[in-house]
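Here the structure is laid out as structure tokens; the discussion comes afterwards.
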Amino acid sequence: MYPFLKGHGTENDFVLLPDPDGTVHGALTPERVRALCDRRAGIGADGVLRVVRTAAIGADGAGQDAEWFMDYRNADGSVSEMCGNGVRVFGRHLAEQGLADPSAPVPVATRAGVKVLTFAGGAADGEITVDMGRPAVLGDTKVAVGERTWPALHVDMGNPHAVAFVDDLAEAGPLLDAPTHDPAVYPAGVNVEFVVRRGAGHVAMRVHERGSGETRSCGTGACAVMVATALADDAPRGTTYRVDLPGGTLRISWTADDRILMTGPAVVVAAGTTAL
Ligand SMILES: N[C@H](CCC[C@H](N)C(=O)O)C(=O)O
């Protein structure tokens, strides 16, 4: 039996696997991740966060100045570079377990580099702001669901996104079937976001995540949506956007030195042991 925890950020939920020295879950195979994420036969989650010291993760952590590495896996067992909601839950876990000091910025190593977390009021239970780093805006593309196609903007937040503006979030269908994309643009797949405007500095979105399907929230996706919207609005740097997702709201801004700051909740809701 292995210890695990369960947490979520705006209802994007994760199984956390403590593995500080990398000796417990070295064989975190895609099959095992799928079993853990199975919402009937397993614990159930959109993804897995393995909590391992950067020194124990090998090449993925090389050169990263952070004690802890977030080893993120999608529900289908695939590996992704980064998870925005996940890194807040990861930071909450570290602070609650006394593995990081919330009174100072907490760096977390990921496959997309170090992300620095700041806890509101320096408290372990404070709302968390993540410095998500620089976005890459990579041009126009398109996405399709069924027979419908939409123009989209290719934004990379360490992981790939396609952001499509729609008039109504229901346009994409009651349940976002697997959107199709241009494999030449996204050879490793893509997270697809549909966004509607709700007023000045305010949008709402749905997301179909690479490797997890439609989720209640996607932190990197919300950042990609904010970048696309701020560009469309020609918004001055420092403007904060409110991004409503089915699972909650994130507040996101784009700094004058070209970094994306995302603020939102993160809770660890349970702990236990698993035979998976
Ligand atoms: N499915 C994503 C990773 C998780 C992103 C999302 N859960 C977030 O909060 O950023 C991908 O394959 O790139």
Side-chain angles (χ1 to χ4, degrees), residues 6-16 28 30 33-34 36-37 39 44-50 60 69-93 108 110-113 115 117 127-136 138 143 152 154-163 176 178-179 181 183 185-195 205-228 243-252 260-268:
K6 183 78 193 297
H8 77 90
T10 55
E11 300 183 4
N12 190 197
D13 63 336
F14 310 98
V15 171
L16 293 96
L28 189 56
V33 170
R34 287 195 290 272
L36 287 163
C37 292
R39 294 192 185 280
D46 293 328
V48 170
L49 311 176
R50 185 161 71 108
D60 276 342
F69 184 95
M70 179 180 76
D71 179 6
Y72 174 78
R73 313 297 177 93
N74 286 315
D76 70 353
S78 59
V79 173
S80 175
E81 303 83 353
M82 180 48 194
C83 180
N85 289 319
V87 80
R88 295 198 316 275
V89 174
F90 189 92
R92 178 74 72 220
H93 168 67
V108 174
T110 76
R111 292 184 174 91
K115 308 301 174 186
L117 281 59
E127 202 174 39
I128 297 174
T129 296
V130 185
D131 181 341
M132 297 288 285
R134 287 180 168 71
L138 300 175
V143 293
H154 181 183
V155 180
D156 194 282
M157 289 301 304
N159 59 349
H161 295 270
V163 179
L176 261 183
H181 55 272
V185 176
Y186 300 107
V190 63
N191 303 284
V192 178
E193 291 85 21
F194 292 91
V195 53
M205 63 176 276
R206 287 173 71 182
V207 56
H208 182 280
E209 285 198 39
R210 176 179 65 171
S212 298
E214 181 162 15
T215 60
R216 300 275 292 164
S217 178
C218 176
T220 52
C223 292
V225 160
M226 182 268 172
V227 165
V243 181
D244 291 344
L245 302 110
T249 294
L250 296 172
R251 297 190 313 281
I252 304 174
I260 301 299
L261 302 181
M262 171 184 64
T263 299
V267 285
V268 177

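Remember, it's 1-based here, ligands and their atoms both numbered in the order they're listed.
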List ligand 1 atoms under 4.0 Å from [X], heavy atoms only on the residue side.
X: Tyr72; value: 3 (C), 4 (C)
X: Asn85; value: 8 (C), 9 (O)
X: Gly84; value: 8 (C), 9 (O), 10 (O)
X: Asn74; value: 1 (N), 2 (C), 3 (C), 4 (C), 11 (C), 12 (O)
X: Asn191; value: 1 (N), 2 (C), 11 (C), 12 (O), 13 (O)
X: Met82; value: 3 (C), 4 (C), 5 (C)

May I ask you to say whether [X] pairs ionically with [Y], meaning some side-chain N is under 4.0 Å from a carboxylate O?
X: Arg39; Y: Asp13; result: yes
X: Arg92; Y: Glu127; result: no
X: Arg210; Y: Asp76; result: no
X: Glu81; Y: Arg111; result: no
X: Arg206; Y: Asp244; result: no

Can you tell me the protein heavy atom closest to [atom] and the distance?
atom: atom 11 (C) of ligand 1; result: Ser80 OG, 3.2 Å
atom: atom 7 (N) of ligand 1; result: Asn12 OD1, 2.8 Å
atom: atom 9 (O) of ligand 1; result: Gly219 N, 2.8 Å
atom: atom 5 (C) of ligand 1; result: Glu209 OE1, 3.4 Å

Quiz item: Is the distance between the ring centroids of Tyr186 and His154 less than 6.0 Å?
Solution: yes
Quiz item: Using a heavy-atom cut-off of under 4.0 Å, does the side chain or the backbone of Thr215 touch ligand 1, or both, or neither?
Solution: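 Within the 4.0 Å criterion, Thr215 makes no contact with ligand 1.
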Exercise. Would you mind telling me if ligand 1 is within reach of the side chain of Asn159, the backbone, both or neither, using heavy atoms under 4.0 Å?
Key: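 Side chain only.
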Quiz item: Is the closest heavy atom of Met157 to ligand 1 under 4.0 Å?
Solution: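 Contact absent.
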Self-check item: Contact with ligand 1 for Cys218, non-hydrogen, under 4.0 angstrom
Solution: yes
Quiz item: Taking it one step at a time, do Val243 and Met205 satisfy side chain to side chain contact (heavy atoms under 4.5 Å, CB included)?
Solution: CA-CA 7 Å; Val243 181; Met205 63 176 276; 3.6 Å; yes
Exercise. Ignoring angles and geometry beyond distance, decide whether Pro160 reaches within less than 3.5 Å of ligand 1 through its nitrogen or oxygen atoms.
Key: no
Self-check item: Residue of the set Asn12, Thr220, Asp46 for which side-chain hydrogen bond (donor to acceptor under 3.5 Å, both in side chains) holds with Asn85
Solution: Asn12
Practice problem: Answer yes or no: is there a side-chain heavy-atom contact under 4.5 Å between Ser212 and Thr215? | Solution: yes
Exercise. Evaluate the side chain to side chain donor-acceptor pair (under 3.5 Å) criterion for residues Asn159 and His161: first the C-alpha distance (whole Å), next the side-chain angles of each, then the deciding distance (0.1 Å), finally the verdict.
Key: CA-CA 7 Å; Asn159 59 349; His161 295 270; 2.8 Å; yes
